[in-house]
**Student:** 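Have a look at the structure that comes next, please.
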Amino acid sequence: MPTRVPLLTHPAETELFGDALTCEAWLPAGFRAGEARQSPAAAESLLHALAVAEDARGDDTDDRKGEPSISFQRLEAKVDLLMNLVGKLARQRDDALPLRGLRWSHLGLRLDAAQPFAIGVGETATALIEPASWLSDHIELPARVLATSATADGEHHLWLRFAPLGAGLADALERHLFRLHRRQVAEARLMARQGD
């Protein structure tokens, strides 16, 4: 698996990511032709719960040092191990989403794969994304196929533009992307410091 999601030159890239906050990640993701089977409320609820879980990680701090207490760190580590185990078991299902490179914003996403995507431009689709690597549940976002292409290296790309999302789901998605982006910037700074 490559370590980075490629940056491409394509009109769909500009349309979906030009002026938007974007994130690149390797996550279990895919698409399904046709309308979403989940209600938008289910995706919104999952993103809100994920935000609460991730934000709570920084709340139980030792006031003297500004760091999480040792007992909280141990509990957090045990929960992380349990979630990883559950995630691995869930990914063994036949209907588990494949791990893919993706680039996304609140406007839509690009999926990368080694095989062509069996769907045409303009068709209705549903984006399927596990929003966190440790979470074995996915969100469904209604979309329309914006473009498909293949690059010289044999990679295939599918751009999906999200259908208009309700205000609550749109806000939850933007907050999730902001947290991912902030985490990616922090990781990039740490790697740059380690490289010096």
Side-chain angles (χ1 to χ4, degrees), residues 1-30 43-63 65-69 72-73 75-77 79-81 83-84 87 97-113 127-139 141 143 146 151 153 155 157-162 165 167-196:
M1 178 182 77
T3 55
R4 292 189 53 87
V5 174
L7 296 177
L8 303 175
T9 303
H10 190 282
E13 289 282 301
T14 305
E15 187 170 334
L16 295 179
F17 313 124
D19 294 327
L21 177 75
T22 62
C23 293
E24 293 82 27
W26 283 87
L27 290 172
E44 182 181 344
S45 176
L46 183 63
L47 290 173
H48 279 302
L50 182 58
V52 169
E54 290 183 342
D55 290 347
R57 290 175 177 252
D59 287 347
D60 185 13
T61 58
D62 184 332
D63 292 333
K65 301 175 196 159
E67 296 179 4
S69 65
F72 182 78
Q73 288 178 22
L75 178 61
E76 187 177 72
V79 170
D80 285 346
L81 290 170
M83 293 304 295
N84 284 331
L97 294 170
L99 187 65
R100 296 185 195 267
L102 63 95
R103 186 173 192 209
W104 55 332
S105 74
H106 70 282
L107 298 174
L109 65 86
R110 183 191 80 220
L111 293 171
D112 302 330
L128 310 169
I129 308 164
E130 287 187 17
S133 58
W134 54 267
L135 183 68
S136 59
D137 199 1
H138 69 275
I139 58 173
L141 300 171
L146 182 61
T151 51
D153 61 0
E155 282 291 306
H157 310 284
L158 171 69
W159 288 268
L160 297 173
R161 174 180 265 293
F162 297 143
L165 304 174
L169 178 54
D171 182 58
L173 180 61
E174 285 189 53
R175 287 175 185 263
H176 180 70
L177 289 168
F178 177 75
R179 281 193 315 278
L180 286 178
H181 179 76
R182 187 176 58 197
R183 191 177 311 137
Q184 288 175 350
V185 168
E187 288 170 0
R189 286 182 182 154
L190 179 62
M191 290 185 71
R193 279 198 301 264
Q194 291 174 345
D196 291 343

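Keep in mind it's a predicted model, so treat the numbers as computed, not measured.
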**Student:** Let's go through H10 and W159 carefully: what are the C-alpha distance in whole Å and the side-chain angles of both, what is the deciding distance for side-chain contact (heavy atoms from CB on, under 4.5 Å) to 0.1 Å, and is it a yes or a no?
**Tutor:** CA-CA 10 Å; H10 190 282; W159 288 268; 3.7 Å; yes

**Student:** Please identify each residue that fulfils side chain to side chain donor-acceptor pair (under 3.5 Å) with E44, with sequence neighbours left out.
**Tutor:** none

**Student:** If you measure from CD on E174 to CZ on R179, what distance do you get to the nearest 0.5 Å?
**Tutor:** 12.0 Å

**Student:** What heavy-atom pair brings A127 and F162 nearest, and what distance separates the two atoms?
**Tutor:** CB-CE2, 4.0 Å

**Student:** Kindly indicate, with the supporting measurements, whether the criterion side-chain contact (heavy atoms from CB on, under 4.5 Å) is fulfilled by H106 and L21.
**Tutor:** CA-CA 8 Å; H106 70 282; L21 177 75; over 6 Å; no

**Student:** Write down the atom of C23, the atom of L177, and the distance for their closest heavy-atom approach.
**Tutor:** SG-O, 3.2 Å

**Student:** Rounded at 0.5 Å granularity, tell me how far CH2 in W104 sits from CG in L180.
**Tutor:** 6.0 Å

**Student:** Going by side chain to side chain contact (heavy atoms under 4.5 Å, CB included), L102 matches just one of L160, D112, L27. Which one?
**Tutor:** L27

**Student:** What is the distance from atom CD of E24 to atom CD of Q184, rounded to the nearest 0.5 Å?
**Tutor:** 6.0 Å

**Student:** Atom NE2 of H176 and atom CD1 of I139: how far apart are they, to the nearest 0.5 Å?
**Tutor:** 6.5 Å

**Student:** Give, for atom CG of L173 and atom OG of S105, the distance between the pair rounded to the nearest 0.5 Å.
**Tutor:** 8.0 Å

**Student:** If I compare all heavy atoms of E130 with all of D137, which pair ends up nearest, and what's the gap?
**Tutor:** CG-O, 3.3 Å

**Student:** Please answer whether the main-chain N or O of L111 pairs with a side-chain N or O of R100 as donor and acceptor at a distance below 3.5 Å.
**Tutor:** no

**Student:** Per the side chain to side chain contact (heavy atoms under 4.5 Å, CB included) rule, which among L107, T22, L8 passes with F17?
**Tutor:** T22

**Student:** Look at the side chain of H138 and the backbone N and O of L97, then say whether any donor-acceptor pair between them is shorter than 3.5 Å.
**Tutor:** no

**Student:** Surrounding CG of D153 (heavy atoms of other residues, nucleotides or ligands, distance under 6.0 Å), is the total greater than 12?
**Tutor:** yes

**Student:** Using the test side chain to side chain donor-acceptor pair (under 3.5 Å), find all partners of D171 that sit at least two apart in sequence or belong to another chain.
**Tutor:** R175

